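These numbers come from a predicted model, not from an experiment.
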Amino acid sequence: MYKVVSKKKLAPNITRFSVQAPAVAESRKPGQFVVIRACEEGERVPLTIVDSDPEAGTIDLIIQDAGYSTHQLCGMEPGDNLLDVLGPLGKPTEIHNYGTVVCVGGGVGTAVLYPIVKAMKEEGNEVITIIGARTKELVILEEELKEFSDELIVTTDDGSYGIEGFGSTVLKNMLEEGREIDFVVAIGPTLMMKAVAEVTRPHEIKTIVSLNSIMIDGTGMCGGCRVTIGDETKFACVDGPEFDAHLVDFDEQIARHQYYKDQECKLTEEIDKLEQEKA
Amino acid sequence: MATSSRDRKRRTRSRSKQRRKKVERPPRQPMPTRPAEERIRDFQEVALGFTAELAQKEAQRCLHCTNHPCIEGCPVAVDIPAFIELISEGEFGAAARKIKETNTLPAVCGRVCPQEEQCEEVCLMGKVDEPVAIGRLERFAADYEREHGEAKLPETDPATGKKVAVVGSGPAGITVAYELLQKGHQVTIFEALHELGGVLVYGIPEFRLPKKIVHEEIETVKNLGAEIKLNMLIGKTKTIDQLLEEDGFDAVFIGTGAGLPMFLGIPGENLNGVYSANEFLTRVNLMKAYKEEYVTPVKVGEKVAVIGAGNVAMDSARSALRVGQGKSDVSIIYRRSREQMPAREEEIHHAEEEGVKFNLLTNPIRFIGNEKGVVEKIECIRMELGEPDDSGRRRPIPIEGSEHIVEADTVIVALGTMPREFIADTTPDLETSEWGTFNVEEDTMETSKEGVFAGGDVVTGSATVIKAMGAGRTAAAAIHEYLTEK
Ligand SMILES: Cc1cc2nc3c(=O)[nH]c(=O)nc-3n(C[C@H](O)[C@H](O)[C@H](O)COP(=O)(O)OP(=O)(O)OC[C@H]3O[C@@H](n4cnc5c(N)ncnc54)[C@H](O)[C@@H]3O)c2cc1C
Ligand code: FES
């Protein structure tokens, strides 16, 4: 059993958990993820490992309440147990001293970005972090990221905090101003990652993105997480989740994300109904 | 000289005449089966199993011949004539225990073994009539023992203090654990998934092999004291070297199967609605997508095409029928002809009965999707058979200009699997073949690394449950010897 040891709300629909998973805590590296299952009837859900404490045997996960299973997970309280935690899965981020690294995070992708920012800084890079959210109250990890960033820029879609607009535009402006950038990491909604890829492509700056493909096992057994990279098919859970942004077929990823949306909507409607009945 | 050869001949002739006259052997008893139109709407078992009466009747068909070729035909050498004798005497529990002397999972094997190419193929009775239904009898005995609470744990030797890590909990791993626990060794099973059983739980569907039965048979290794560690992907969570050097295991058995699905590599294969058989079956079996209360989704459209014609393809087609509540149109697309289909005859027969269609000598060349990126059609080409290839089967050759469109809104690709690389990648001194399988010594299953043994699909590529168990038995004996000498 994998006990939830602490829980903290970061934004109205985003929660951070510490969970006991000693074997994972010991071996995980930045960029890797776990697959968890909350209860017998639940799905297997992939989640990035945001941080870990090998001594306490815990890993930190940040979960956005975005559907049936993540809603269920966000309802867990300290003392509750997750049924399964499998990991660490996927290839770790290739952390090197690249020079100047720009890390762009969008929405809950900011959580996925955090361990990479930290590792890039510790490796001696100059780190510029750009994080974006729809609106002020959804901005997460600002303080934590500041600690490891030489520069931190916040954007909101509605302009309620920081710069109004998207991270990709901020990055574009930097490049147009002639800033020297050696490496870019972008993690967030697929459309945002696609936008960043298009910004850096003409400048030929190596850019990686972390794909949140639909997964089941997370161990290369089902191929449900297939992605087209250049002219090859890869499994995001084993070959990724990070890939060269300039080779990813983002449109295919967007389509694959939509496939079960109708069934998911049915389930979420059911939760809403149940909660209304409760209230 | 006591008797002339003529005398002898006459005597034998009259004896065999007598025997034939005295013992009226009943015909091979058919397996009671649910009607097709009923069973395609649910996931309950198709074959219902013998009653005691049927079993005893079938058991009487055994000739008790002196050579018992059936035992040699069985990869784990079950003492078949002995257990059949016990059934005919009405000693059903004892029959099950006789099987279990060499077979850890009799209720599983009684259901899924290809007996027609093993014990039943060589059965002497088969030369004069149909062979004895050994598989059905095995299933009967095992079910009887379980259902009547007669299952007993085997005796175990005194503790040796030696520790063995078993990686993977399919039939190979479970067999190794069972054998070594009996020898008094301490066993820890490391399994990547959240359930024990390997293909038995994620691949083979409920209507052919109820999961309750798998769980109950596997329970024995837990009751014998195996430590179970689920959610442990060896090569990621821990490496083989860590198990040996840090965790103090004296030997390791790798039974990680062949779990990596192969695809066709043709355009459009990553469209929505195109599943590997592993994904489709895992959603349905392991994640129980067919049950209302389980959250994992699965989609079956109006027209389902299954690519391939092995057992896995039949399981996929028949599962799709059931998920679609018998309303979907399901067909198999296969590039060779009927005679070359690798699936068991029984499976093909069941699929046909249930209404699965066969689109033979046809090969997909491209998947075509709609504006939402969901598969809609398959462009196929017709094939003809040419000269035999390396596998001895006639090679399919495309017929130029025969391209045509097949409608399909769900596609399941069942082309076979290969071992995954987590362990090979992180254990450089383990030798593998070009197929990614581990190289082992045939009589011990020892790998190129000292103290590390491997068996089952990870060594042979996808094979059968009983072959994996046979490899497990060989490995367990060798591990026991290795530990005793160490
Ligand atoms: C759909 C389907 C139908 C089949 N039908 C039949 C049939 O009717 N009759 C028959 O005889 N055979 C059948 N087979 C084949 C048979 O199931 C296999 O040959 C057999 O299960 C192989 O056993 P195994 O123990 O080698 O591996 P598996 O059963 O594959 O078990 C391997 C286990 O190891 C785990 N694992 C893998 N990697 C790791 C790792 N790195 N760390 C920890 N754990 C790991 C896996 O999760 C899995 O649980 C079928 C196969 C499929 C897919
Ligand atoms: S999630 Fe199944 S192969 Fe990647």
Original post:
With under 30° as parallel and over 60° as perpendicular, where do the rings of B/Y275 and A/Y260 fit, or are they tilted in between?
Top reply: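 B/Y275 vs A/Y260 ring planes: tilted.
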[atom1] ([X]) with more than 12 external heavy atoms under 6.0 Å:
| X | atom1 | result |
| --- | --- | --- |
| A/K3 | NZ | no |
| A/E123 | CD | yes |
| A/K29 | NZ | no |
| A/E198 | CD | yes |
| B/E293 | CD | yes |

Student check: side-chain heavy atoms of [X] and [Y] closer than 4.5 Å:
| X | Y | result |
| --- | --- | --- |
| A/F235 | B/P261 | yes |
| B/K299 | A/D262 | yes |
| B/L233 | A/L89 | yes |

Original post:
Out of A/D251, A/T233, A/D249, which one racks up the most heavy-atom pairs below 4.5 Å with chain B?
Top reply: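 Option with the top pair count is A/T233.
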Subject >> Best-contacting candidate, A/I254, A/V85, A/V34, A/L83, against chain B by heavy atom pairs under 4.5 angstrom >> reply: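 Maximum pair count with chain B is reached by A/V85.
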**OP:** Begin from the C-alpha positions of A/E41 and B/E292 and carry the test side chain to side chain contact (heavy atoms under 4.5 Å, CB included) through to its verdict.
**Re:** CA-CA 10 Å; A/E41 293 81 17; B/E292 191 70 29; over 6 Å; no
Without swapping roles, check the side chain of [X] against the backbone of [Y] for a donor-acceptor pair under 3.5 Å.
| X | Y | result |
| --- | --- | --- |
| B/K236 | A/G90 | yes |
| A/D84 | B/H194 | no |
| B/S276 | A/G223 | no |

Original post:
Could you walk me through whether B/K372 and A/Y259 pass the side chain to side chain contact (heavy atoms under 4.5 Å, CB included) check?
Top reply: CA-CA 9 Å; B/K372 285 187 179 152; A/Y259 192 48; over 6 Å; no
[X] versus chain B, heavy atoms under 4.5 Å apart: side chain, backbone, both or neither?
| X | answer |
| --- | --- |
| A/T219 | both |
| A/I214 | side chain |
| A/V35 | neither |
| A/V227 | backbone |
| A/E252 | side chain |
| A/E40 | both |
| A/R28 | neither |

Original post:
Hey, what do you get for CZ (B/F280) to CD1 (A/I216), rounding to the nearest 0.5 Å?
Top reply: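 Spacing of CZ (B/F280) from CD1 (A/I216) equals 11.0 Å.
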Most chain A-contacting option - heavy-atom pairs closer than 4.5 Å, from [options]:
| options | result |
| --- | --- |
| B/P297, B/A289, B/G373 | B/P297 |
| B/L230, B/V274, B/V413 | B/V274 |
| B/R283, B/E421, B/K291, B/E269 | B/R283 |

So which heavy atom on [X] is nearest to which on [Y], and how close?
| X | Y | result |
| --- | --- | --- |
| B/M232 | A/L86 | N-CD1, 4.2 Å |
| B/N278 | A/C222 | CB-CA, 4.3 Å |
| B/T296 | A/G42 | OG1-O, 4.2 Å |

Subject >> Polar side chain donor-acceptor pair, B/T282 to A/D217, under 3.5 angstrom >> reply: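 B/T282 vs A/D217: no donor-acceptor pair found between side chains.
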**OP:** Evaluate side chain to side chain contact (heavy atoms under 4.5 Å, CB included) for B/L260 paired with A/M221, printing each intermediate quantity in order.
**Re:** CA-CA 5 Å; B/L260 176 75; A/M221 195 182 88; over 6 Å; no
**OP:** Below 4.5 Å from any heavy atom of chain A, which atoms of B/L281 appear? Answer side chain, backbone, both or neither.
**Re:**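 B/L281 has no heavy atom closer than 4.5 Å to chain A.
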**OP:** Just do the side chain to side chain contact (heavy atoms under 4.5 Å, CB included) check on A/R44 and B/L193 with the steps written out, would you?
**Re:** CA-CA 10 Å; A/R44 292 170 65 98; B/L193 290 173; 4.1 Å; yes
